[in-house]
Amino acid sequence: VQLQASGGGLVQAGGSLRLSCAASGRSFRSYSMGWFRRAPGKEREFVASIGWGRSGTYYADSVKGRFDISRDNAKNTGYLHMTSLKPEDTAVYYCAAQSAGAPTVPSSWGYWGQGTQVTVSS
């Protein structure tokens with residue numbers, strides 16, 4: 001499955017953005033989808049994931065209550081709606097897909113899209 005993330009940009013603290021992840025190739029609906037991010041000088045970290053049937057959502061504690069992950073299998077697209085953004089949310093955001101595995105572990109995800117930059121100004 002091929003993934004392409006989009007929707008990043010520059011936003012002020014407290015603002016919102018919606019990232020999209022368009023999938024092509026093998027059946028997207030068979031895969032769990034996740035979002036990770038990498039801030040400058042830091043390791044790639046888990047942000048959120050959603051199961052193939054739109055159930056089983058998981059969030060990092062740092063984004064819980066502010067970010068919402070969703071997917072539209074008919075459109076082969078996943079989303080990450082980010083609200084109440086903070087400067088510490090600044091990072092390159094990546095979408096990923098997996099058939100099985102621990103959702104919070106980057107190495108368990110077999111398919112990755114290119115990143116999209118999110119910059120939150122204070």
Side-chain angles (χ1 to χ4, degrees):
V1 61
Q2 292 79 45
L3 305 171
Q4 182 167 359
S6 62
L10 174 63
V11 63
Q12 288 188 330
S16 300
L17 278 175
R18 189 180 76 160
L19 305 183
S20 298
C21 179
S24 60
R26 301 178 70 177
S27 180
F28 173 67
R29 66 184 67 222
S30 300
Y31 293 83
S32 295
M33 194 202 74
W35 289 93
F36 290 76
R37 66 187 182 187
R38 176 177 282 163
K42 295 188 178 181
E43 297 291 321
R44 187 174 301 194
E45 67 172 355
F46 170 78
V47 175
S49 67
I50 185 168
W52 64 271
R54 294 189 291 277
S55 62
T57 56
Y58 299 92
Y59 296 91
D61 288 342
S62 59
V63 307
K64 204 170 292 183
R66 299 188 298 120
F67 290 12
D68 179 64
I69 189 170
S70 62
R71 64 190 297 165
D72 185 339
N73 288 336
K75 295 182 178 180
N76 281 354
T77 303
Y79 305 96
L80 183 68
H81 188 210
M82 307 183 294
T83 64
S84 301
L85 283 162
K86 305 175 182 179
E88 50 264 43
D89 293 318
T90 295
V92 178
Y93 283 72
Y94 300 88
C95 61
Q98 67 171 194
S99 55
T104 64
V105 179
S107 60
S108 72
W109 295 78
Y111 303 94
W112 292 87
Q114 90 294 353
T116 185
Q117 176 72 45
V118 172
T119 302
V120 184
S121 63
S122 57

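This structure is a prediction, so every number in the text was calculated from the model and none was measured.
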How close do [X] and [Y] get, heavy atom to heavy atom, and via which atoms?
X: G78; Y: F28; answer: N-CZ, 4.2 Å
X: L10; Y: S121; answer: CD1-CB, 4.4 Å
X: A13; Y: S122; answer: CB-CA, 4.4 Å
X: V1; Y: A23; answer: CG2-CB, 4.0 Å
X: D89; Y: V120; answer: CB-CG2, 4.3 Å

Could you tell me if the side chain of [Y] sits less than 4.5 Å from the side chain of [X], heavy atoms only?
X: L3; Y: M33; result: no
X: Y31; Y: W52; result: no
X: R37; Y: V63; result: yes

**Report entry** hydrophobic_cluster_shared for V11 and L19, side chain cutoff 4.5 Å
**Finding:** yes
State the [atom1]-[atom2] distance between [X] and [Y], to the nearest 0.5 angstrom.
X: L80; Y: S49; atom1: CG; atom2: OG; answer: 11.0 Å
X: C21; Y: I69; atom1: SG; atom2: CD1; answer: 9.0 Å
X: R71; Y: C95; atom1: CZ; atom2: SG; answer: 11.0 Å
X: D68; Y: R18; atom1: CG; atom2: CZ; answer: 10.5 Å

Query raised in the report: When you look at V118 and M82, which way does the side-chain contact (heavy atoms from CB on, under 4.5 Å) test go after all the steps?
Result: CA-CA 10 Å; V118 172; M82 307 183 294; 3.9 Å; yes
**Report entry** Residues in ring pair (Phe, Tyr, Trp, His ring centres under 6.0 Å) contact with W35, at least two apart in sequence or another chain
**Finding:** none
Query - Residue pairs fulfilling side-chain hydrogen bond (donor to acceptor under 3.5 Å, both in side chains) with at least one residue in residues 106-116, sequence neighbours excluded - result: Q98-S108
Query - ring pair (Phe, Tyr, Trp, His ring centres under 6.0 Å) contacts touching residues 59-98 (sequence neighbours left out) - result: none
Query raised in the report: T83 side chain to R66 main-chain N or O, any donor-acceptor pair under 3.5 Å?
Result: yes
Query raised in the report: Who are the side-chain hydrogen bond (donor to acceptor under 3.5 Å, both in side chains) partners of K64, not counting sequence neighbours?
Result: D61
Requested in this report: Sequence neighbours left out, what passes side-chain hydrogen bond (donor to acceptor under 3.5 Å, both in side chains) with E88? Give chain and number order.
Outcome: none
Query raised in the report: Can you pull the disulfide bond (SG atoms under 2.5 Å apart) pairs that have at least one residue in residues 58-91, sequence neighbours excluded?
Result: none
